[in-house]
Visitor: 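Just passing along the structure, written as structure tokens.
All values below were derived from every heavy atom in this structure, side-chain atoms included, with hydrogens, water molecules and symmetry-related copies excluded. A, B, ... follow the sequence lines: proteins, then strands. Residue 1 opens every chain.
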Number of protein chains: 2
Amino acid sequence: MPRKVDPRQRRTLIADALMRVAADRGLEAVSLRHVAAEAGVSAGMVQHYFTTKDEMMAFALSVVRDRGRARVEAAVAALGPDPRPRLLLRTLLAALLPLDEAARADGRVALAFLSWTALHPAAAPGLRPDTAQLVEFIAGLLPRPPASDAAAGLLALVEGLGVYLLGGQYTPAQATAVLDHQLDLLFA
Amino acid sequence: MPRKVDPRQRRTLIADALMRVAADRGLEAVSLRHVAAEAGVSAGMVQHYFTTKDEMMAFALSVVRDRGRARVEAAVAALGPDPRPRLLLRTLLAALLPLDEAARADGRVALAFLSWTALHPAAAPGLRPDTAQLVEFIAGLLPRPPASDAAAGLLALVEGLGVYLLGGQYTPAQATAVLDHQLDLLFA
DNA sequence: TTCTTTGCAATGCAGTCGTATTGCAAACGG
DNA sequence: CCGTTTGCAATACGACTGCATTGCAAAGAA
């Protein structure tokens with residue numbers, strides 16, 4: 001076989017460009033040509049690696065998910081081994097919040113994809129990590145009465161904080177204060 | 001002046017059609033011609049009442065806000081005079097959740113507009129009712145230590161529940177249970 | 001009736017979209 | 001060296017977009 005290139009690398013290169021376009025011009029500005037231009041490649045090459053636009057979108061969606069997961073894992077790993085449950089929980093949840101500009105950019109894209117999945121149900125179970133599983137894990141970190149309602153509420157609160165952070169209604173300081181206040185409530 | 005028609009009525013007629021298109025085909029399917037077809041009018045008439053598409057979008061955005069507000073006001077009015085604070089709060093917050101199909105449709109549109117406003121900052125302060133004011137009102141309904149963090153958290157929790165309801169991650173029963181659980185926590 | 005103004009319909013235009021098609025150069029297997 | 005296969009570029013096409021323009025019918029004002 002001629003020409004050795006890593007197709008996965010090319011695809012992520014293109015998906016990264018897609019996310020840059022989506023982050024500052026919106027999902028509606030995501031077209032083959034715009035993405036190609038942003039990636040600095042020809043439109044033909046984009047078509048070569050993604051035969052259809054929906055395929056490209058689906059791949060970019062998985063990249064969004066992976067980035068979020070990586071952010072959380074990095075934050076948790078930085079805690080060292082055997083952190084106290086509350087600290088682990090706070091770190092995990094804070095890593096889900098769009099607190100710096102990079103996370104904000106990813107958050108905008110994730111938010112756009114959130115409406116996108118509503119119209120492409122086939123790709124829907126791929127944006128957020130399995131929510132039920134995450135709720136269960138959070139419930140395991142909470143003290144005594146492991147009411148799964150409390151865990152589900154905590155996750156929803158973080159999601160809502162993310163939305164308001166992206167919308168500019170809450171400041172990062174407010175959002176983290178709210179999160180800590182809720183943890184105070186749950187660990188009281 | 002010839003031809004008496006109520007322009008406001010025409011505009012809301014068109015905006016309603018826009019919301020129907022957006023609700024089940026997404027904001028990206030919102031075009032002058034599609035909206036006109038959905039409204040059962042000519043494309044020329046849409047142009048007559050909205051000289052530009054952005055103007056139509058901005059108007060539809062205000063309709064989304066008004067519908068949400070109406071939903072809340074209706075629910076609160078049904079309580080009768082002088083309801084207990086907790087009941088008032090629960091009613092108000094539950095009215096923000098997309099629990100039935102009509103509210104879900106509006107919620108999908110609102111979610112789409114949420115990403116839309118990120119790219120049209122001029123129209124941004126018009127989707128959600130003034131959040132700071134709402135937080136303050138909620139704080140006033142909470143018992144003793146009126147920590148505004150608790151109110152802001154409650155509102156974020158409801159927003160997150162809405163997102164997860166629309167995404168199908170939480171069921172309506174789960175969402176209301178979570179809300180009640182949080183109110184238990186705050187009113188303990 | 002005549003005139004003027006408004007409400008709307010129809011058409012045209014330049015641009016962008018996603019996708020199919022074609023062509024060619026570079027790299028390996030033989 | 002040769003043929004084949006792969007990686008990519010370029011172009012073409014029909015559908016669609018938002019918007020400008022034009023034309024006309026209906027309804028008061030005169």
Visitor: Atom NE2 of B:His48 and atom P of D:dG23: how far apart are they, to the nearest Å?
Guide: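 Rounded to whole Å, this separation is 18 Å.
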Visitor: Where the side chain of B:Lys53 is defined as all heavy atoms beyond and including C-beta, which of C:dC8, D:dG18, C:dA10 is the nearest nucleotide?
Guide: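 From the listed options, D:dG18 comes nearest.
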Visitor: Measure the distance from CD1 on A:Ile14 to P on D:dG7 and round it to the nearest whole Å.
Guide: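 After rounding, the reported distance stands at 13 Å.
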Visitor: Should A:Ser31 be listed as having a side-chain N or O under 4.0 Å from OP1 or OP2 of C:dC17?
Guide: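 A:Ser31 to C:dC17 OP1/OP2: side-chain N or O found under 4.0 Å.
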Visitor: Given atom CE of A:Met56 and atom P of C:dG18, what is their separation to the nearest angstrom?
Guide: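 So the two atoms are 7 Å apart, to the nearest Å.
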Visitor: Would you say the base of D:dG7 and the side-chain of A:Arg10 have a donor-acceptor pair closer than 3.5 Å?
Guide: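 By the distance-only test, no, there is no pair.
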Visitor: Report the nucleotide, chosen from D:dA9, D:dT17, C:dA10, that has the shortest atom-to-atom distance to any side-chain atom of B:His34.
Guide: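 Closest nucleotide among those given: D:dT17.
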Visitor: Can you tell me if B:Ser42 touches the phosphate of C:dA10, counting only side-chain N or O atoms and a distance under 4.0 Å to OP1 or OP2?
Guide: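 So the side-chain polar atoms of B:Ser42 never come under 4.0 Å of the phosphate oxygens OP1 or OP2 of C:dA10.
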Visitor: Assuming nearest nucleotide by heavy-atom distance, tell me which of A:Ala43 and A:Arg33 is located more 5' along DNA chain D.
Guide: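 Residue closer to the 5' terminus by nearest nucleotide: A:Ala43.
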Visitor: Has the side chain of A:Thr52 got a donor or acceptor atom that lies under 3.5 Å from a matching backbone atom of A:Glu55?
Guide: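 Between the backbone of A:Glu55 and the side chain of A:Thr52 there is no qualifying donor-acceptor contact (under 3.5 Å).
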Visitor: Does the side chain of A:Gln47 pick up a donor-acceptor pair with the side chain of A:Thr51 at under 3.5 Å?
Guide: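 Side-chain D/A pair, A:Gln47 to A:Thr51: absent.
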Visitor: Strictly below 4.0 Å, N to O, side chains only: are A:Arg86 and A:Asp184 in salt-bridge contact?
Guide: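 A salt bridge is present here (some side-chain N lies under 4.0 Å from a carboxylate O).
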Visitor: Any donor and acceptor pair, going by atom type alone, linking the side chain of A:Gln174 with main-chain N or O of A:Thr171 inside 3.5 Å?
Guide: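 Flag set: sc A:Gln174 to bb A:Thr171 pair under 3.5 Å.
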Visitor: Using a cut-off of strictly less than 4.0 Å, decide whether A:Thr51 has a side-chain nitrogen or oxygen near OP1 or OP2 of C:dT19.
Guide: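 No, because none of the side-chain N or O atoms of A:Thr51 sits under 4.0 Å from OP1 or OP2 of C:dT19.
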